[in-house]
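Note that the structure is a prediction, hence the values are computed from the model and not measured. Throughout, a chain's letter reflects where its sequence line sits, starting with A, and its residues are numbered from 1.
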Amino acid sequence: MKKKIVNNLSQLGPLIGLIIIVIILGFTSDSFFTLNNILNLLRQISINALIAFGMTFVILTGGIDLSVGSILAFGSALTAGMLSSGMDPMLAVFIGLLAGLLMGAMNGLIITKGKVAPFIATLATMTIFRGATLVYTEGRPITGLSDSFSFEMIGKGYVFGIPFPVILMLIAFGVLFFILRNTVFGRQVYSVGGNEEASILSGIRADRVKIWVYSITGMLSVLAGIILTSRLNSAQPTAGTMYELDAIAAVVLGGTSLTGGRGWLTGTLIGALIIGVLDNGLNLLNVSSFYQQIVKGGVILLAVVLDRRSK
Amino acid sequence: MKKKIVNNLSQLGPLIGLIIIVIILGFTSDSFFTLNNILNLLRQISINALIAFGMTFVILTGGIDLSVGSILAFGSALTAGMLSSGMDPMLAVFIGLLAGLLMGAMNGLIITKGKVAPFIATLATMTIFRGATLVYTEGRPITGLSDSFSFEMIGKGYVFGIPFPVILMLIAFGVLFFILRNTVFGRQVYSVGGNEEASILSGIRADRVKIWVYSITGMLSVLAGIILTSRLNSAQPTAGTMYELDAIAAVVLGGTSLTGGRGWLTGTLIGALIIGVLDNGLNLLNVSSFYQQIVKGGVILLAVVLDRRSK
Amino acid sequence: TESPGSSSDEDSGDGDESIKIGMSISTLNNPFFVSLRDGAEAAAEEAGYEITTADAQDDSASQVSDIEDLLQQDIDVLLVNPTDSSAISSAIESANSADIPVITVDRTADEGEVATHIASDNVEGGEMAGEFIAEQLEEEGDVVELEGISGASATRERGEGFHNIVDEMDGIEVVAQQSADFDRSNGLNVMENILQSNSEIDAVFAHNDEMALGAIEAIESNDLADEVVVVGFDATDDARDAVSEGRMDATVAQQPELIGEEAITTAAQVVDGEEVEEFVPVELELITE
Amino acid sequence: MNEQALVEMSEIDKSFSGNHVLQKVNFSVQPGEVHALMGENGAGKSTLVKVLTGIHPRDSGTITVKGKEVDFSHPKQAEKQGIVVIHQELNIIPHLTVTENMFLGKELSIGKTGILRKKDMHKQTLENLKRLGVDNIPPNETAGSLSVGKQQMIEIARAISTNAEMIIMDEPTAALTDREITSLFKVIESLRKQGVSIVYISHRMEEIFQICDRITVLRDGRSIGTEQIKETSFDAIVKMMVGRELGERFPERSSVIGKTLLEVKDLSREEWFEGINFQVKEGEVLGVAGLMGAGRTEIMETIFGAAKKSKGQVLLDGKPLNVTHPRDAIRAGIGFITEDRKDEGLVLNLSIRENVALTNLKTVSKNGWISNSKESELVDDLIKKLHVRTTGREQEVKSLSGGNQQKVVIAKWLGIQPRLLILDEPTRGVDVGAKKEIYNIMNQLTEQGVAIIMVSSELPEVLGVSDRIMVVHEGTVTKILNRDEADQEKIMHAATGGE
Ligand SMILES: Nc1ncnc2c1ncn2[C@@H]1O[C@H](COP(=O)(O)OP(=O)(O)OP(=O)(O)O)[C@@H](O)[C@H]1O
Ligand SMILES: Nc1ncnc2c1ncn2[C@@H]1O[C@H](COP(=O)(O)OP(=O)(O)OP(=O)(O)O)[C@@H](O)[C@H]1O
Ligand SMILES: O[C@@H]1[C@@H](O)[C@H](O)OC[C@H]1O
Ligand SMILES: [Mg+2]
Ligand SMILES: [Mg+2]
């Protein structure tokens with residue numbers, strides 16, 4: 001019991017970082033602590049958070065996925081294409097998510113069966129999926145989506161005053177949190193990342209675990225893409241460019257180790273909040289975009305260094 | 001002895017890949033095998049190759065450097081700024097290279113002293129150095145560089161009919177090749193990447209080795225940037241965006257392991273050639289740019305998978 | 001050195017004047033240039049010309065390589081849409097030394113010999129947007145500027161034109177000036193954030209339509225659609241629709257297809273040795289309905 | 001002792017985040033003596049060495065070398081004073097060659113240029129190896145492709161080549177073949193004659209009596225005492241280490257041998273082993289002897305489904321057993337305790353609970369959901385049963401001593417209630433007390449009818465616990481002996497290829 005509390009305390013590093021940033025912003029900007037801005041902020045981070053949740057699983061197995069942004073783009077374009085040709089919105093969304101799952105599975109297969117390092121495998125599929133998106137969309141945004149209430153709801157709706165994307169993010173968080181902590185699969189994710197060889201010798205099919213992990217990430221990326229599509233009322237061929245970097249940053253800021261086997265999903269949520277709060281706050285303070293990049297990079301560095309120090 | 005030949009044979013994987021691509025292109029495009037095109041191609045790859053040479057050192061130590069593109073941009077801007085204010089070209093180049101060295105050293109220090117994972121450290125500095133470039137240039141390209149013959153020479157000159165950037169690339173290759181194979185420092189690079197703990201116990205100052213490795217990469221990135229600046233007759237604030245990916249791809253295509261400790265510089269040169277030949281060939285064949293991305297990603301994947309298989 | 005592309009009379013066997021055109025585009029990751037390319041390719045096909053297109057993906061160095069690659073292919077004329085005016089000069093110079101005529105499209109080249117330039121002027125477009133906003137606000141109000149990718153020439157020039165106008169007016173204040181990277185979803189997020197601290201916004205100028213359309217989503221979901229004037233740039237299909245639906249107030253049309261078509265026509269004239277104007281302007285148009 | 005000590009450590013204290021690992025430890029080494037350092041797993045032997053050479057800073061206490069107080073902050077400084085260590089964990093860089101490893105951190109270069117003198121290093125490597133009596137290690141070979149024993153010999157050669165005044169060897173023989181051990185002992189003898197001191201850490205009692213002059217025993221981080229080897233005995237040392245009498249080294253076997261459980265027929269794997277035939281019965285311990293590198297591990301991995309066979313058949317209960325993944329073997333009731341617990345046995349940064357659960361996920365879960373209570377119950381049970389010394393099931397296995405880590409590995413496999421348990425070098429690096437406990441567990445299992453295959457390179461152990469002994473030489477079975485007909489000579493003869 002005692003051990004557990006201490007353990008959790010040492011994981012507080014990222015949270016403390018977040019709180020400090022929030023306090024500073026609260027003092028410097030009047031608009032920061034309004035209910036409106038908080039809901040707005042949560043909605044904004046939902047996209048990165050969903051991708052980063054998947055990325056947490058991937059990184060826990062010792063992998064990395066650079067293709068999330070391209071998967072997001074392809075899934076969004078596909079869904080939007082089906083919608084604009086009049087397909088039932090829920091079916092279109094379902095097929096889109098399935099496509100995400102399959103693209104992720106493809107990553108997983110290349111990595112496990114092709115024995116290609118995750119970095120390079122997903123670097124290649126990042127290019128391939130982006131190219132496929134451009135071919136599919138002919139380089140143009142897809143608009144004229146359905147006016148279906150349910151599809152609009154996904155990105156723009158509210159339930160009890162809470163933006164629907166936020167609800168989706170929280171549901172995904174809850175489900176994934178339990179999977180990671182309370183299921184056999186979750187346990188396997190940690191052990192494959194901690195020591196793949198020992199896991200295999202304990203009877204775990206490490207390849208399957210990895211393929212699933214990339215598949216889940218692919219699906220979550222498309223879910224994020226569908227939210228984006230619904231919010232923008234169109235799918236962009238260039239959507240998701242560089243999203244992998246924000247997702248990885250969220251995971252690492254949250255304290256998950258890039259070498260695998262160690263980390264937690266709550267940290268990733270905190271990491272996504274740190275990035276989101278920074279983006280939001282720098283906008284609120286109208287910091288010049290040149291300096292924004294310096295500040296953002298600096299804060300991320302600081303947070304990570306402080307976290308390392310506290311351990 | 002026998003062992004050695006076999007060893008070298010197994011390293012031939014990437015070279016065979018390159019030869020196959022070259023043969024295919026030779027058959028499908030008339031213009032490919034002209035002297036002009038070959039010199040043209042070599043000049044094109046020199047920029048990526050120089051960065052990738054540094055990246056090879058970094059990856060051999062088990063690290064990664066995502067900030068090379070931003071370092072390139074800052075170094076170029078700085079050098080161009082000094083040139084346009086009338087400084088002696090060679091002095092400006094020297095200061096620019098020094099700045100690259102220092103930015104690289106900063107990466108190295110954050111990674112070793114700050115104990116931040118290279119991926120996340122250089123992700124942060126990528127943003128920071130880019131921001132710094134934008135601040136320095138105020139978001140504008142720097143033009144009106146000196147008309148000095150020597151500065152123009154760097155990017156545009158020829159020596160015995162060979163483009164000067166190609167000569168620079170070959171010199172850098174020769175020097176770095178020698179360092180890696182025949183000096184104590186080179187040995188340390190391999191051993192730190194192979195087993196850091198053991199290296200430290202053997203009295204190797206792993207931190208120093210790493211700091212140097214990032215410093216060298218920073219300097220080579222700026223050298224590439226200076227070639228670019230000279231060729232373009234101006235420094236762009238957005239120069240070098242995404243260059244890290246091509247450099248990493250060249251290193252991995254060349255057979256250097258992302259986990260460190262294993263690899264060779266010749267492979268990187270071949271890797272850079274594969275990428276350059278692909279870009280050049282797809283252009284010559286007038287493949288639509290959307291499909292180019294698919295083909296490029298696919299070929300990279302194929303080359304890596306084949307290489308893994310042949311081992 | 002002797003360049004293989006140095007003689008332009010290789011295809012001249014048939015009197016049908018089939019010419020070979022090389023075209024280097026700054027990026028096709030942007031609908032604007034896709035339209036431009038489509039316009040050019042359609043026109044070339046119609047005239048029976050051969051055209052080879054390269055996409056530099058917004059990287060100046062790739063563009064120089066692209067042009068070098070194009071020059072290897074016996075082209076008769078080179079169309080260049082520079083990623084950056086200053087960075088393109090050496091590529092133009094290589095074309096010059098290979099005796100291939102060069103036409104710049106959409107953006108100029110600072111140096112090198114160019115047969116003609118076909119474009120609409122970004123600075124002027126920014127000014128048009130500024131004037132339109134000033135007019136709508138009666139020279140009084142708070143304005144937001146959504147900037148393009150930091151350091152990109154379109155960002156610079158449109159911003160410059162816009163500020164040429166609004167900075168002169170005491171009543172107009174640019175209360176927020178933030179980059180949204182020419183991207184629709186960034187336009188949405190940045191605008192949302194800006195609205196949190198500036199609820200009294202009167203107008204938004206976005207450096208392109210993508211960002212403007214994102215900003216509109218933010219404005220609409222804050223129920224401010226009637227209060228805020230939104231002006232975009234490019235007049236993409238989406239933006240035109242938004243204007244005609246009354247969701248967007250105006251967009252500066254550069255008519256990319258027309259630029260493309262014009263480029264092909266002019267290219268044929270250049271190859272034929274006809275005299276062409278130094279600058280072929282493609283009218284900017286402010287679409288307001 | 002009147003002579004001035006070469007190294008004198010007194011009142012050394014060291015703790016790791018609250019864990020008091022060394023408490024007022026005194027340890028001194030005379031010039032030219034071979035001094036054994038013994039103690040149970042986790043007693044603090046390796047830590048003491050690391051404190052001496054500056055790898056870990058000490059909390060308090062003093063260290064003197066030749067009477068002068070020192071305070072090393074890096075092993076390189078210790079080396080300058082003539083103290084070198086062969087660490088317990090191998091410090092070989094796998095992708096570098098033998099020569100490159102030999103000169104790691106002390107490469108020869110032309111003046112101060114940093115340019116390598118490759119030829120000279122090659123020559124000296126050959127000389128260093130020859131001095132150790134090793135002539136079968138090519139200097140240009142990649143170190144990682146050599147057996148662990150050979151890698152260890154490289155490390156030893158490297159240490160000797162420094163002309164040190166004191167060499168500390170932390171379990172140097174754990175991975176060596178008998179022949180390699182013999183040459184190592186010869187070298188130790190000649191070093192001693194040259195006045196070099198050796199600190200020798202080992203869990204193999206025989207070795208201590210064979211080569212050491214004095215012995216210091218640590219228990220729970222305290223120094224218990226220092227004795228002349230000639231004036232002490234096996235039992236006395238064990239008592240110093242464990243704090244009580246241990247009794248017989250190998251427990252009495254009492255299980256009833258039942259019907260044949262596993263039958264291996266003509267099993268082969270290309271390049272590794274060929275035509276393997278043997279059987280194991282319920283309640284039986286089949287010992288597998290052989291020189292290191294004979295291919296025993298490979299045979300076991302193949303039976304377990306971790307490697308692919310090229311020919312032959314494995315029968316369980318007379319029925320063909322088709323395994324393509326360890327998972328299949330586990331389902332059939334086979335457990336495999338691998339020889340390398342750090343790389344193959346444990347997920348070091350997970351807790352005891354999570355490690356033990358790894359093989360038992362099916363038992364502790366329902367429809368994919370893990371039941372916390374079932375899991376804790378199972379784990380606590382096994383911890384108690386195996387006497388794992390721990391602060392609780394949530395402790396990270398990384399922070400356990402070697403012997404206790406080994407018990408966690410065993411616990412993992414007891415959980416599946418195996419019908420056949422394969423143990424590969426189960427007591428390597430494990431202290432006498434823990435060894436006995438492992439033998440006891442094996443006994444309990446066989447009494448319940450479990451069949452056991454135990455691969456071991458320690459002949460006394462093979463002879464002490466097996467019912468039958470199979471001897472493997474270069475990928476073939478050369479002999480299968482009953483316990484009562486077996487002795488060390490016969491086994492060695494068969495293990496070296498004699499019929
Ligand atoms: N770096 C460390 N951090 C925390 N605890 C440590 C560390 N190194 C060792 N310990 C702990 O110190 C104690 C002594 O370990 P040490 O390795 O010195 O034992 P040992 O006597 O060498 O055992 P063995 O015979 O198993 O090698 C153990 O409880 C171990 O868990
Ligand atoms: N990683 C490796 N690369 C190349 N050869 C290896 C490797 N590991 C082991 N070998 C060699 O394979 C052969 C069989 O090794 P294996 O480990 O199966 O033998 P073993 O009889 O189990 O020995 P041990 O007692 O060391 O476990 C030996 O010649 C050994 O040197
Ligand atoms: O008009 C173009 C604009 O739409 C795009 O976003 O950036 C480049 C410009 O030239
Ligand atoms: Mg030890
Ligand atoms: Mg073995």
Side-chain angles (χ1 to χ4, degrees), chain A residues 59 64 66-67 70 110 113-139 237 241-242 244-246 248-249 251-253 257-259 288-309 311, chain B residues 59 64 66-67 70 110 113-139 237 241-242 244-246 248-249 251-253 257-259 288-309 311:
Chain A
I59 291 179
I64 199 139
L66 303 181
S67 71
S70 298
I110 296 170
K113 306 302 172 192
K115 298 195 199 315
V116 180
F119 190 97
I120 202 80
T122 58
L123 178 62
T125 57
M126 167 175 112
T127 319
I128 294 173
F129 296 149
R130 179 67 64 192
T133 311
L134 288 166
V135 169
Y136 178 76
T137 60
E138 297 172 333
T241 315
M242 307 269 259
E244 67 282 0
L245 296 184
D246 268 352
I248 295 168
V251 175
V252 178
L253 275 176
S257 145
L258 274 173
T259 52
S288 132
S289 67
F290 301 167
Y291 286 101
Q292 279 194 20
Q293 301 199 35
I294 300 183
V295 174
K296 198 173 154 187
V299 172
I300 289 180
L301 216 47
L302 207 69
V304 178
V305 172
L306 287 181
D307 191 30
R308 294 288 162 287
R309 281 288 140 83
K311 268 163 198 173
Chain B
I59 290 180
I64 199 136
L66 304 181
S67 70
S70 298
I110 295 170
K113 305 302 171 195
K115 297 194 199 319
V116 179
F119 191 98
I120 203 78
T122 57
L123 179 61
T125 56
M126 168 174 110
T127 319
I128 295 174
F129 296 149
R130 178 68 63 191
T133 310
L134 288 166
V135 169
Y136 178 74
T137 61
E138 296 172 334
T241 314
M242 307 267 260
E244 67 282 2
L245 297 183
D246 267 353
I248 295 168
V251 174
V252 177
L253 275 175
S257 148
L258 274 173
T259 50
S288 129
S289 78
F290 299 165
Y291 286 101
Q292 277 196 21
Q293 300 197 31
I294 300 182
V295 174
K296 198 174 154 188
V299 171
I300 289 179
L301 216 47
L302 206 72
V304 178
V305 172
L306 287 180
D307 191 30
R308 295 290 163 286
R309 281 287 140 83
K311 266 164 196 168

Minimum heavy-atom distance between B:Ala124 and A:Gly297, given as atom pair plus value: CB-O, 3.6 Å
A:Gln293 side chain near B:Ile128 side chain, heavy-atom distance below 4.5 Å: no
Side-chain heavy atoms of B:Ile120 within contact of A:Leu301, under 4.5 Å: no
Option that, when pairs with chain A are counted at under 4.5 Å, heavy atom only, ranks first among B:Ile248, B:Thr125, B:Val295: B:Ile248
Value rounded to 0.5 Å, distance of OG in A:Ser289 from CG in B:Leu134: 7.0 Å
Close side-chain approach of B:Phe290 to A:Tyr136, heavy-atom, < 4.5 Å: no
Contact check, side chains of B:Thr127 and A:Ile294, non-hydrogen atoms, under 4.5 Å: no
Most chain B-contacting option - heavy-atom pairs closer than 4.5 Å, from A:Leu123, A:Thr259, A:Ile300: A:Leu123
Per-residue contact mode, A:Glu138 against chain B (heavy atom under 4.5 angstrom): backbone
Option in A:Ile64, A:Val135, A:Leu258 with maximal non-hydrogen atom pairs under 4.5 Å from chain B: A:Val135
